[in-house]
Amino acid sequence: MAGKGKIVSGYIAPHPPHLVYGENPPQNIPRSTGGWEVLRWAYDNCRAKIKAQKPDVILIHTPHWMTLVGHHITRVPRLKGLSVDPIFPHLFRYNFDTAIDCEMADAIYDEAIGEGLTARKMTNPNFRLDYGTIVTAHMLNPDWDIPIVSLSANNSPYYFSLGVGIEEMFKLGRATRRAIEKSGRRAVLAASNTLSHFHFDREPDPSLPEDMSKEHVFSHTNYLWDMRVLQLMREGRMDELLKVLPEFIDATSAEVKSGGLFWMLAAMDFPTIPAKVHGYWSVIATGNAVVEWDLSDAAGNGHQEMRAHA
Amino acid sequence: MPDGQIVGGYIVPGLPHLVLPRDSTSRAELRNAFRTAGANARAARPDVLVIFSTQWISVLGHLVQTRPNPKGVHVDENWYDLGDLPYDFRTDLELARRTIELSNAAGLQVRPVDYEGFPVDTGMLVTLDFFDPKHELPVVGMSCNIYAGRDEELKLGKAVGDAVRALGRRAAVIACTGLSGHWFTKDIKDNEDRIVGDVDDAENRRMLDLIAQGKCATAMDAAPDYARKTGADMQFKAFYWLLGALGSETAKGKVLAYGPIWGSGAAVVEFAV
């Protein structure tokens, strides 16, 4: 497959394991009585849309595969195993089994090297996928019938500075876009991030984690911040969004600091189309939104103009 | 039941370069010191190894392994190309549960984890490789809470010591932690390894000197500044835990080796008890 591939859509696709726990899929061992429905319904909308778009691959940038030396990319044909969340093992013990698009992984690696980035291919077949990748992949496509590629979060935003980290992610985004175009793939991108990230330091009721009467966003300040950035996304005000994100990260400890959103926006060439916010709610007090940028021709957004940010 | 006691206290590094690949000869001084520490610990005839690992990160309080027989294959998320770490060890359930009980009584949030497939961290497995290569000793493993400070870690360590004494165990207590946490962000060859910054090197040596002199209270006071300057592994909080377990702020630590692992600081330190 080669030729003019394209990104058909990009999603902010948060990964609290609570969402899988609330859904009770057969792959997950713990059982619940539900919970966090608004976010799960938001994902439901995306699932149907993704199926209709018939992508060849879903690319996921995950903050829970944190790497010290460069950007790592899964590159084994199949990964399978039991993933137990180290933070919420009582909620998430998931049997995963997924195809990896190795050609896509190779292409991203080559383009990343071409950008001057340090990158590595993860070729160990015993590697355990992180729960960020799994939750996002499951919530977007519970059938797991579309190959994925998982990209690690290089910790440059924490090790050096946010500015250095953003520059890295812009380069990785450009590299990803070129790799997709050259590969001929139709790709869905997923930035596996929450928004505001302050959380409870204790579960309100460990015996009933899905008790929604105990669930609320950490603070009104965090809520206002989340709404502010979501509104900018909804209105397609990309310049303002990019300008405000560092302040947002600083004020709310937003998980977007880990890079996925910057990567995805750069890969999509900083779209100024209105994003669709499918839903927002808190999970153990963090702010989570499922947000879609539809770049498909069907949506009339197939020809984003080149912009100057990257 | 005889009175329990701590028979040895150790600071050890937990990066996999010391055990993988199996035929590697790099970082020989650290490897040899680690082997010596393990042999000394076994010579003290412990019933159990208690390991606090900074690579087992927890967010909602601390976690304690209570799976009777954790086993599986671990692959490090950064250093997967070095090889796999298969494991199969026993947990001292009674000691683990008593530690949890005493920790909670002290006001900490400490929970058991008993799940098939729960990820065992690299630091724990590197430590076991040197301290119990024949898989003979039971283990109690506990996490590093990213939000905990000096007071909490001292309490958690004290709970370990109290549980050991209450149950009549002979325990070696091991803080698996790096020193300075800055590293090379590009690929290097093993023979290019060095402490990545002069400040890191100087501060590591200063911290180790305090420990060697038994000035552990001073070392604890200095730890926040040390951590700020060097990006120390989990703010060097494993040291607080170790002192809590040892029950002494004047214990002298003998530095068996000090050196770099991928630019970060690593030391093997043995405390007289």
Side-chain angles (χ1 to χ4, degrees), chain A residues 29-30 62 64-72 74-76 79 81-96 116-131 150 152-156 158-160 164 168 197 199-204 206 209 284 286, chain B residues 15 20 53 55-63 65-67 70 72-86 104 108-122 143-148 152 178 181-188 196 231 233 261-264:
Chain A
I29 296 168
T62 172
H64 291 289
W65 179 16
M66 185 70 80
T67 51
L68 309 177
V69 183
H71 305 270
H72 298 215
T74 51
R75 204 260 177 244
V76 283
L79 285 172
L82 172 65
S83 178
V84 178
D85 182 345
I87 308 298
F88 299 102
H90 53 308
L91 305 184
F92 190 80
R93 304 194 297 281
Y94 189 98
N95 288 293
F96 65 93
L117 295 171
T118 298
R120 286 183 176 178
K121 297 178 190 177
M122 199 301 295
T123 57
N124 187 324
N126 294 325
F127 187 79
R128 183 179 57 85
L129 276 177
D130 70 289
Y131 74 91
S150 177
S152 78
N154 175 258
N155 79 337
S156 52
Y158 306 93
Y159 188 79
F160 294 111
V164 170
E168 289 258 324
H197 204 51
H199 54 77
F200 303 140
D201 62 0
R202 289 174 186 256
E203 281 185 298
I284 195 164
T286 63
Chain B
L15 290 177
L20 295 174
S53 175
Q55 292 182 62
W56 180 5
I57 291 170
S58 59
V59 173
L60 306 176
H62 290 85
L63 301 174
Q65 178 67 259
T66 54
R67 189 84 179 156
V73 174
H74 172 69
V75 177
D76 189 272
E77 66 179 7
N78 275 279
W79 311 107
Y80 45 77
D81 52 339
L82 295 179
D84 299 348
L85 289 167
N104 287 329
L108 301 176
Q109 181 187 197
V110 180
R111 294 188 299 171
V113 287
D114 176 8
Y115 301 104
E116 181 189 353
F118 185 87
V120 175
D121 70 282
T122 302
S143 74
C144 177
N145 179 287
I146 62 171
Y147 301 120
E152 289 94 334
H182 297 134
W183 53 80
F184 290 102
T185 57
K186 307 281 186 191
D187 285 318
I188 61 165
V196 78
D233 185 10
I261 304 179
W262 206 271
S264 65

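These numbers come from a predicted model, not from an experiment. FYI, side chains are in, hydrogens and waters are out, and symmetry mates aren't considered; it's all heavy atoms of this structure. Proteins get letters first, then strands, A, B, ... in listed order; numbering begins at 1 in each.
Classification of the Tyr80(B)-His72(A) ring pair by plane angle, with boundaries at 30° and 60°, yields perpendicular. Phe88(A) and His90(A) have tilted rings, their planes meeting at an angle from 30° to 60° on a 0 to 90° scale.
Residue contact with chain B, scored on non-hydrogen atoms closer than 4.5 Å, involves the backbone of Phe200(A) exclusively. Only the backbone of Phe184(B) comes within less than 4.5 Å of a heavy atom of chain A; no side-chain atom from C-beta onward does. Interface remark: Val113(B) contributes side-chain atoms only to the contact with chain A (heavy atom separation under 4.5 Å). When heavy atoms are compared at a cutoff of 4.5 Å, Leu63(B) approaches chain A solely by way of its side chain, counted from C-beta outward. Interface residue Thr67(A): backbone and side-chain heavy atoms are both found under 4.5 Å from chain B. Asn145(B) does not touch chain A: none of its heavy atoms, backbone or side chain, sits under 4.5 Å away. For Arg202(A), the parts sitting under 4.5 Å from any heavy atom of chain B are the backbone and the side chain alike. Using a 4.5 Å cut-off between heavy atoms, His182(B) touches chain A through backbone and side chain atoms alike.
Ranked by non-hydrogen atom pairs under 4.5 Å with chain A, the options Asp187(B), Leu60(B), Asn78(B) are led by Asn78(B). Ranked by non-hydrogen atom pairs under 4.5 Å with chain B, the options Leu82(A), Ile29(A), Asn124(A), Asn154(A) are led by Asn124(A). If you tally non-hydrogen atom pairs under 4.5 Å between each of Ile284(A), Asp130(A), Asn126(A) and chain B, the highest count goes to Asn126(A). Ranked by heavy-atom pairs under 4.5 Å with chain B, the list Arg128(A), His199(A), Glu203(A), Arg120(A) is led by Arg120(A).
In this structure, Val196(B) and Trp183(B) have side chains that are not in contact, with every pair of non-hydrogen atoms separated by 4.5 Å or more.
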As a quick check of understanding, evaluate side-chain contact (heavy atoms from CB on, under 4.5 Å) for Leu85(B) and Asp76(B), giving each step before the final call. CA-CA 8 Å; Leu85(B) 289 167; Asp76(B) 189 272; 5.8 Å; no
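Between Tyr94(A) and Phe92(A), the distance separating the two ring centers is shorter than 6.0 angstrom.
Checked by atom type and distance alone, the side chain of Thr118(A) never pairs as donor or acceptor with a backbone atom of Val69(A) at under 3.5 Å. At distances below 3.5 Å, at least one donor-acceptor pair connects side-chain atoms of Asn104(B) with backbone N or O atoms of Val110(B). Put simply, the side chain of Trp65(A) never gets that close to the backbone of Leu129(A): no donor and acceptor are under 3.5 Å apart.
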